[in-house]
Trainee: 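The structure is given below, and queries will be raised subsequently.
Because the structure is predicted, anything quoted here is derived from the model rather than measured.
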Amino acid sequence: MSKPRGISATIIKASEPVQKAETSTEIQSSATSDGAGFISPPTDLRGYKRLVNNSSILPQCIRAYKNNIAGFGIGVRYKEDLEETPEMKAEWDKISEVLEFLNMDQDTKEIFEDIIEARETYGIAYLEVIRNLGGEVIGIEFINNIPSVQKTAALAPYVDIEYEVNGKTTTRQKKFCKYRQQLNGKTVFFKEIGDPRVMDNRTGEYGEGIPIEYQANELLEFAIGTEPYGEVRWIGTVLNVDGSRKAESLNNRYFSEGRHTPLMILINGGTLTDDSFEKLQTYMNDIKGENGQHAFIVLEAENLENRTDMEGEQKPNLEVVKMADILQKDELFQDYLDNNRRKVQSAFQLPDLYVGYTTDFNRATAQSAQEVTEKQVFQPERQSLAWVINNKLLAGYHFKYVEAYFLEPDISNPDDLYKLLTVCNNAGGLTPNKAKSILYNAIGETAEDFEGDWGDTPLAYSKASQPAAPAMTGLDQQLSQQIQKSVERGDDEITVVLKEIRKLLMKGAEL
């Protein structure tokens, strides 16, 4: 019988304390790149632009995103609702000035409108960022030619970056990528926003002592999705977009290449005489307008055979065959085109109301469509862009109390607001100042609070605290009637006596 084998355990002690990696350990996906490390887009981005230009629905969807996300403008607000201090007011004035002069040729909100339009067309958009010597952003320029820009993956080594969150500064390590724009035989290099190193915009190399005029600016990218060059949100409907274009092209070619012959003349046993053929041709050329009204035509045919026997000659037979039934009466593939349009709108999560494709709606359905689209589509996009402005573009200013945000439309329903105010007033919670504020906001004006504490006192409480007027008794009513009659008769003495009696009765009721 064999003995059981023993089990031994060895403890290995680390010579140094184990530390957790403070950088990302993700394995970057491999992508096709050139010798310099620049990644090639998976497709020619110019093809997306051609599809948009030839589509009958993509421009409307992109315009809806552009107008509703950034079209209402950029505003400034305090991060917290605190009593304004001189320091807070100074920050308010500073951020307002910066946002106003970020670009001297366009309003700042128009720059972001262009970014949204390009991003929805190509899947990615770029913004050139210009800083002063103090590291503060003083200008932004929209990169118009998106396909001319290429990028690398995040390149080693890691660089220490300081982040400030809620007044606290922390250090993190990050790798940055490079950008290159090639256009008309010229090449210029950019560095990623936030990269503190100095880059030569002629070579893309980092170094010291580079002249200021050759120091590279930063690029801020806005991409959809996680791909290196983003991905258009309508990528799943590319075949539908291209198919709709081909269907529209087929319908368009019908007018130049389609068959328009409305009828056919069949002749059996003969042929048209030369005179009849000329008359028919002239008739078809002159049938337009008033010349064709109440006109008729006579066609004559002659026998093809010259018979010499005594048999009866067979007469030619003329037959007119209508061909209008085989003509294309309306555009082809209407259901196909409509289904493709709906699929593209679904990719953008847009109802018909936003792209001008419906007249079958009322106030309730329009209100519901607007509320759902605002909450699920436009508001998240505004918040995402506002985060980029505050935490990337304006991070160098270290604002503590103020932030930028994108303005949004008022989608409140007046009927619902009326019901809420009615319930609030009946419960005793509506104050004069609040009622005034709601009214002025509805008409687009600014309201100032009423002076005095009564403006913040609920209306129901104010009415309850007022002394109730004494109820008029039956005797009071009789006295009032008698006084009225005595006045009509002119009995002044009786009138005076009756009024004195009524005064005494009212004083007694108050006691």
Trainee: Please confirm whether the backbone N or O of Lys400 pairs with a side-chain atom of Glu91, one donor and one acceptor, at under 3.5 Å?
Mentor: yes
Trainee: Can you tell me how far apart CG (Leu51) and NZ (Lys49) are? Round to the nearest 0.5 Å.
Mentor: 11.5 Å
Trainee: Check step by step if salt bridge (Lys or Arg N to Asp or Glu O under 4.0 Å) holds for Lys151 and Glu221.
Mentor: CA-CA 10 Å; Lys151 62 180 292 188; Glu221 71 172 43; 3.0 Å; yes
Trainee: Would you say the rings of Trp92 and Tyr78 are close, in the sense that their centroids are separated by under 6.0 Å?
Mentor: yes
Trainee: Closer than 3.5 angstrom, by distance alone: can the side chain of Ser55 be matched with the main-chain N or O of Leu58 as a donor-acceptor pair?
Mentor: yes
Trainee: Strictly distance-based, threshold 3.5 Å: is any side-chain N or O of Asn390 a donor or acceptor partner for the main-chain N or O of Glu403?
Mentor: no
Trainee: Among side-chain atoms of Ser249 and Arg245, is any donor-acceptor pair under 3.5 angstrom?
Mentor: no
Trainee: Looking only at heavy atoms, which two atoms of Val402 and Lys79 are closest? And how far apart?
Mentor: O-CE, 3.3 Å
Trainee: I'd like to know if the side chain of Thr85 and the backbone of Met88 have a donor-acceptor N/O pair within less than 3.5 Å.
Mentor: yes
Trainee: Determine whether a donor-acceptor pair (N or O, by modelled atom type, separation under 3.5 Å) exists between the side chain of Tyr65 and the backbone of Phe348.
Mentor: yes
Trainee: Identify the two heavy atoms, one from Gln182 and one from Thr187, that lie closest to each other, and give their separation to 0.1 Å.
Mentor: CG-OG1, 3.5 Å
Trainee: Report yes if some heavy atom in the side chain of Tyr163 is under 4.5 Å from a heavy atom in the side chain of Ile161; otherwise report no.
Mentor: yes
Trainee: Answer yes if the side chains of Asp114 and Gln106 hold a donor-acceptor pair under 3.5 Å, and no otherwise.
Mentor: yes
Trainee: Hey, are Ser148 and Gln181 close enough side-chain-wise for a donor-acceptor pair under 3.5 Å?
Mentor: yes
Trainee: Compute the centroid of each ring, for Trp387 and then for Tyr405, and state whether the two points are separated by less than 6.0 Å.
Mentor: no
Trainee: Looking only at atom types and distance, does a side-chain atom of Thr373 sit under 3.5 Å from a main-chain N or O of Ala369, one as donor and one as acceptor?
Mentor: yes
Trainee: Show me the side-chain donor-acceptor pairs of residues 189-198 shorter than 3.5 Å, one per line, residues at least two apart or across chains.
Mentor:
unit_1 : atom_1 : unit_2 : atom_2 : d
Lys191 : NZ     : Asp195 : O      : 3.1
Lys191 : NZ     : Arg197 : O      : 2.5
Glu192 : OE1    : Cys177 : N      : 2.9
Asp195 : OD1    : Arg197 : N      : 3.2
Asp195 : OD1    : Arg197 : NE     : 3.0
Asp195 : OD2    : Arg197 : NH2    : 3.1
Asp195 : OD2    : Tyr206 : OH     : 2.9
Arg197 : NH2    : Tyr206 : OH     : 3.3

Trainee: Determine whether Ile146 and Ile124 make a side-chain contact, defined as any pair of heavy atoms from C-beta on separated by less than 4.5 Å.
Mentor: yes
Trainee: Minimum heavy-atom separation for Pro380 and Glu374, please, with both atom names.
Mentor: CD-O, 4.0 Å
Trainee: Report the C-alpha distance between Glu381 and Arg233 in whole Å, list the side-chain angles of each, state the deciding distance to 0.1 Å, and finish with yes or no for salt bridge (Lys or Arg N to Asp or Glu O under 4.0 Å).
Mentor: CA-CA 13 Å; Glu381 293 289 345; Arg233 66 182 75 249; 3.6 Å; yes
Trainee: Assign the ring pair Phe399 / Tyr397 to parallel, tilted or perpendicular, where the plane angle (0 to 90°) is split at 30° and 60°.
Mentor: parallel
Trainee: Within 45° of the six-membered ring axis of Phe406 and under 6.0 Å from that ring's centre, is NZ or CZ of Arg382 located there?
Mentor: no
Trainee: Do Gln367 and Glu371 have side-chain N/O donor and acceptor atoms under 3.5 Å apart?
Mentor: yes
Trainee: Measure across Asn103 and Ile140 and return the closest heavy-atom pair with its distance rounded to 0.1 Å.
Mentor: ND2-O, 2.8 Å
Trainee: Taking atom CG of Leu82 as the centre, report whether more than 12 heavy atoms of other residues, nucleotides or ligands fall under 6.0 Å from it.
Mentor: yes
Trainee: Do Leu99 and Leu102 have side chains that approach each other closer than 4.5 Å (heavy atoms only, starting at C-beta)?
Mentor: yes
Trainee: Report yes or no: do Gln345 and Arg341 form a side-chain donor-acceptor pair below 3.5 Å?
Mentor: yes
Trainee: What heavy-atom pair brings Gly243 and Tyr336 nearest, and what distance separates the two atoms?
Mentor: CA-OH, 3.4 Å
Trainee: Strictly by modelled atom types, are Asn340 and Ser244 linked by a side-chain donor-acceptor pair under 3.5 Å?
Mentor: yes
Trainee: Could you tell me whether Glu83 atom CD has more than 12 heavy atoms of other residues or ligands within 6.0 Å of it?
Mentor: no
Trainee: Determine yes or no for a side-chain-to-main-chain donor-acceptor pair under 3.5 angstrom, with Asn132 supplying the side chain and Glu136 the backbone.
Mentor: yes
Trainee: Is the NZ or CZ atom of Arg119 positioned over Phe222's six-membered ring, under 6.0 angstrom from the centre and within 45° of the axis?
Mentor: no
Trainee: Which pair of non-hydrogen atoms, one from Val137 and one from Val98, has the smallest distance, and what is that distance?
Mentor: O-CG1, 4.2 Å
Trainee: Can you check whether Phe378 and Phe72 have ring centres sitting under 6.0 Å from each other?
Mentor: no
